Amino acid sequence: MPRPIQADVDLAALRHNYLLARRRAARGGTAARAWAVVKANAYGHGLLRAAKALGDVADGFALLDIDEAVRLRQVGIRQPILLLEGFFTAADLAACSEHGLSVVIHCLDQLQMLRQARLPRCPPIHLKLNSGMNRLGLVARQLPAAREHLAALACAGGAGGLTLMTHFAEADADGGEACIRWQLERFARMLDDWPQAAALPVSLANSAAILRYPATARDWVRPGIMLYGGSPFATADAASLGLRPVMTLRSTILALQEIAAGERVGYGGTFVATRPTRVGIVACGYADGYPRHAPGGTPIVVGGQRTQTLGRVSMDMLACDLTDLPAAGVGSPVVLWGEGMPADEVATAAGTISYELFCALARRVPVRSVGEVAQESSRAGRAEGRE
Ligand SMILES: *Cc1c(COP(=O)(O)O)cnc(C)c1O
């Protein structure tokens, strides 16, 4: 019998959230296409599982690793696949060309490599401009050189070959509007001396921008966290945004302790009972990906009812308060996050964001797909068993 912990990934919910992202983006007025951002193993949900849920509806898939991109091709994904950091070495370029991958180009070195590679077929390019995030992207003074490289790459000039891209730093923040406006102005100003740029497709918006500033949804949007049912905002919960939870981390109560007032629970004895307390021990700890920083008092659902954790999270277990849940006992089902227990709430209690909870799900937790989707391409489905 395996440990009673598992993560359910609801494929129908993932699909619902993707379609919602695209509908929200359409509010901006253009029929934006949406990259399903599946980097980091689809934010911990399983790359091929995400491909199974979205394979017949997504306009494209965006991720970081060439190996992951090739796996998507191998399971029959024919849509565009975008490498969000582009290629790292000249050797990567052959794979990009062979598998028809689109690449972000964020620095002149990449353009140089591309030019030297003399590929028979040039990959479609998302040219990333640094409009103020100061992480990746070309700055204004590098654009003349970039254009010179692009002109030499005759292959990149064709229709659909070149897209302009930038990334917002504060779309998720309250009052982020000023920053968005400033970045958009800067982006436009960078293109002042490049009249042909006005005709190029543009990709700007992540989840937060799609949801709060749909006017920024231009030709392509890039939803990530919202696909997985996480809210990008500290002040708006996922359900109010119309999102459905995708990952539900489940376990059970594996032991019970009845303690008197004054007794403590767990490492460091950080919880001290102020009344006779029924303590449930849950088979889930930080080695499963539950955040150790979640303090006592973090919400948790036992037998369908909310209660809270007690004391410190251990490697393989955590404690919760069953005093007011008399029907709960050994074997009661527990939801750590997901259905009925928003991951964002747990993340907030732990001082982090749902992105981190999802991505940190440990390898030792078995993941199961639930919520079937009607899917024309079954190859992604068959390959899923290998994950
Ligand atoms: C990860 C990523 C996204 C998705 O961001 P979310 O906040 O998860 O929607 C979009 N664009 C780029 C460039 C990214 O790296």
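When a ligand or atom number is given, it counts from 1 through the structure's own listing order. These numbers were taken from a predicted model, which means no experiment stands behind them.
The backbone and the side chain of R222 each have at least one atom closer than 4.0 Å to an atom of ligand 1 (non-hydrogen atoms only). With a 4.0 Å heavy-atom cut-off, ligand 1 is reached by the side chain of K39 but not by its N, CA, C or O. When non-hydrogen atoms are compared, ligand 1 lies under 4.0 Å from the side chain of M165 (C-beta onward) but not from its backbone.
Residue contacts with ligand 1: K128 is placed with no nitrogen or oxygen under 3.5 Å of a nitrogen or oxygen of the ligand (distance criterion only). Considering backbone and side-chain N/O atoms, P223 never comes within less than 3.5 Å of an N/O atom of ligand 1.
For residues 130-150, the set of pairs meeting the salt bridge (Lys or Arg N to Asp or Glu O under 4.0 Å) definition, not counting sequence neighbours, comprises R115-E148.
Nearest protein neighbour of atom 9 (O) of ligand 1, counting heavy atoms only, is S207 OG, 2.5 Å. When hydrogens are left out, the protein atom nearest atom 7 (O) of ligand 1 is Y355 OH, 2.6 Å; that is the closest non-hydrogen contact. Looking from atom 12 (C) of ligand 1 to the surrounding protein, the closest heavy atom is H167 CE1, 3.5 Å.
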L48 and R71: CA distance, side-chain angles, deciding distance, side chain to side chain contact (heavy atoms under 4.5 Å, CB included) verdict
CA-CA 8 Å; L48 299 186; R71 276 168 74 210; 3.9 Å; yes
Worked check of side-chain hydrogen bond (donor to acceptor under 3.5 Å, both in side chains) between R218 and S203:
CA-CA 6 Å; R218 298 274 298 270; S203 174; over 6 Å; no
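Contact atoms of ligand 1 toward G224: 4 (C), 6 (P), 8 (O), 9 (O) (distance under 4.0 Å to a heavy atom of the residue). Heavy-atom contacts of Y43 reach the following atoms of ligand 1: 1 (C), 4 (C), 5 (O), 6 (P), 8 (O) (cutoff under 4.0 Å). The atoms of ligand 1 that sit less than 4.0 Å from any heavy atom of I225 are 6 (P), 8 (O), 9 (O).
Of the possible polar contacts, none joining the E68 side chain to the K39 backbone as a donor-acceptor pair under 3.5 Å is found.
Distances from ligand 1 to the non-hydrogen atoms of M226 include no value under 4.0 Å.
Within 6.0 Å of the OH atom in Y267, the count of heavy atoms belonging to other residues, nucleotides or ligands does not exceed 12.
Aromatic pair Y228/Y43: centroids less than 6.0 angstrom apart.
Residues R244 and N17 meet the side-chain proximity criterion, which asks for heavy atoms closer than 4.5 Å.
The CD atom of Q308 lies 10.5 Å from the CD1 atom of I300; values are rounded to the nearest 0.5 Å.
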